[in-house]
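Counting starts at 1 for both ligands and their atoms, following the listed order.
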Amino acid sequence: MTDTYTRLVSKGVGRDVAKKLGLPQPALLRRYEPGQPLVNGPLLVVGSSTGADALATDLLAWDLDVRRHAVPREKLGGIVLVLDELEKPSDLEEPVLRAAPSLRDLAPNGRVVTVSREPGGTPAAAAARQGVDGLLRSLAKELRAGATGNGILLADGVGATAPGALGALRFFLSARSAFVDGQFVRVGSSDGKLPDDVDTPLAGKVAVVTGAARGIGAAIARTLHRDGATVVAVDIPAAGDHLAEVANEVRGTALQLDITRDNAGARIIDHAVGRHGRLDIVVHNAGITRDKLLVNMDHSRWSSVIDVNIAAQLRINDALLASEHFRSSPRIVSVASTSGIAGNRGQTNYAASKGGVMGMVRATAPLLARHGGSVNAVAPGFIETEMTARMPFAMREIARRLNSLQQGGRPQDVAEAIAFLASDAAGGISGEVLRVCGQNMVGA
Ligand code: NAI
């Protein structure tokens, strides 16, 4: 699944022609490879709070070139804007305008990350905190050349150097978040733990991935394996050959299973524990579409989508929550969709199921918290897969370009966000939905 246009306009004559005609010029995004530098140049940390000082000190331990003041015309890999002590809207001006000129010096694929508090407190504090939301989302739309802007929201009582905040900062700064833009992630507690080895944050974990025979699920299996996990790849028996290929490639095991079966949860637990001795991570990725305008919708289209995309997940989660084998910092990550947030013509059934996934993770978070666990969702936008390759050409081109990065994401981009949320660094993040959509312009 390639985006030929992006390759054509990224260099030489193609780039010059696109520029002259005012056509979109999507950048080639820097994607994660183990061992690469976290960012492409020094990191500027702006902010005068104690949180900003503590964060700058912690970042030095990551072997980064940390600047507390901009050096004129020095190319920057990223800017971290710490706004964790805002009391009123006018408090925004000094740090924001101090950081502003440095945006010009951001290297291609550079990063801007805000660290602020979730809205709350006095009306003036809430206004300032909510102001960061509008600020960051607008700034992300101003960035160019593959640069992204994302934000970390700290709950009251959570410090800027809590594991979840540092984990989210590392994810947003790194090339793992290439297609995440204009998004916030909320760190609700100081739970979690940074990995001993940043290249294998999932070492020693056993992870189940549903719908792993192809597309995004296969990419998730590969990414979790790369990050150190042992993978159980699940898919329907009809996809058995592809499933076996993926399982062999990631040196894991295959489980042929229709997730809508009543005993699917027990089968998953028995397989993981029986073959690998434990179960730490479950990724609910399997999903189907049966598009039709609601006026023409029939029972089979409606019920099959609800059953695979959400009812099966709920049943499997019930089995996981009841199992004594899923109690050691367990992690669940579900794949939702931006259709479930913004809606999509012809997808009432699908959007209801994906909205359902988001409701499910919010309500399940407290149930897993008692075992030190977390449950989150990732909502992909336009991702280059077999599913989107089947879209009519014009519709596909529009869907691809209508985001701040002017291109579709790759299955790997979704997988990277899932791998982050499945890691112990994200332990303080639960009940959240993280969009991987390049900051879609359409809908929410
Ligand atoms: P895909 O159709 O390429 O792969 C889905 C996999 O799930 C297939 O291997 C299929 O056999 C498996 N599956 C379906 N029903 C199953 C069942 N009952 N039991 C076990 N396995 C089953 O889809 P793709 O594009 O890789 O999507 C993966 C997930 O990402 C889905 O949940 C989809 O809704 C979601 N998504 C995809 C987007 C995209 O742009 N491709 C955008 C937003 C969300």
**Q.** Location of contacts on Leu257 toward ligand 1, heavy atoms closer than 4.0 Å
**A.** backbone
**Q.** N or O contact, Ile259 vs ligand 1, cut-off under 3.5 Å
**A.** yes
Q) Looking only at heavy atoms, is any part of Pro411 under 4.0 Å from ligand 1, and if so is it the side chain, the backbone, or both, or is it neither? A) neither
Q. Applying a 4.0 Å heavy-atom criterion (strictly less than), which segment of Asp258 is in contact with ligand 1: side chain, backbone, both, or neither?
A. both
Q: For ligand 1, find out whether one of its N or O atoms is nearer than 3.5 Å to an N or O atom of Thr388.
A: no
Q: Using the six-membered ring wherever Trp is involved, compare the ring planes of Phe171 and Phe420 and label them parallel, tilted or perpendicular (cut-offs 30° and 60°).
A: parallel
Q: Mind jotting down which residue pairs meet the side-chain hydrogen bond (donor to acceptor under 3.5 Å, both in side chains) criterion with at least one end in residues 354-376? Sequence neighbours excluded, please.
A: Arg331-Ser374
Q) Hey, looking at atom 25 (O) of ligand 1, which of Val414, Ile383, Thr385, Ile288 has the closest heavy atom? A) Thr385
Q. Of all residues at least two apart in sequence or in a different chain, which pass the side-chain hydrogen bond (donor to acceptor under 3.5 Å, both in side chains) check with Ser304?
A. none
Q: Provide the number and element of each atom of ligand 1 under 4.0 Å from a heavy atom of Tyr350.
A: 33 (C), 34 (O), 35 (C), 36 (N), 43 (C), 44 (C)
(Q) Please check whether Thr260 reaches ligand 1 - meaning an N/O of the residue sits under 3.5 Å from an N/O of the ligand, judged on distance alone. (A) no
Q) Does any N/O atom on Val234 come nearer than 3.5 Å to any N/O atom on ligand 1? A) no
Q. Under 4.0 Å from ligand 1, counting heavy atoms only, is it the side chain of Ile216, its backbone, both or neither?
A. both
Q. Is any side-chain heavy atom of Ile288 closer than 4.5 Å to a side-chain heavy atom of Val305?
A. yes
Q: Indicate whether the side chain of Asn403 and that of Gln439 have a donor and an acceptor atom separated by less than 3.5 Å.
A: no
Q: Could you see which bit of Lys354 sits under 4.0 Å from ligand 1, with heavy atoms only: side chain, backbone, both or neither?
A: side chain
Q.
Check whether Tyr32 forms a cation-pi arrangement with Arg176 (NZ or CZ under 6.0 Å from the six-membered ring centre, at most 45° off the ring normal).
A. yes
Q) Any nitrogen or oxygen of Ser337, main chain or side chain, under 3.5 Å from a nitrogen or oxygen of ligand 1? A) no
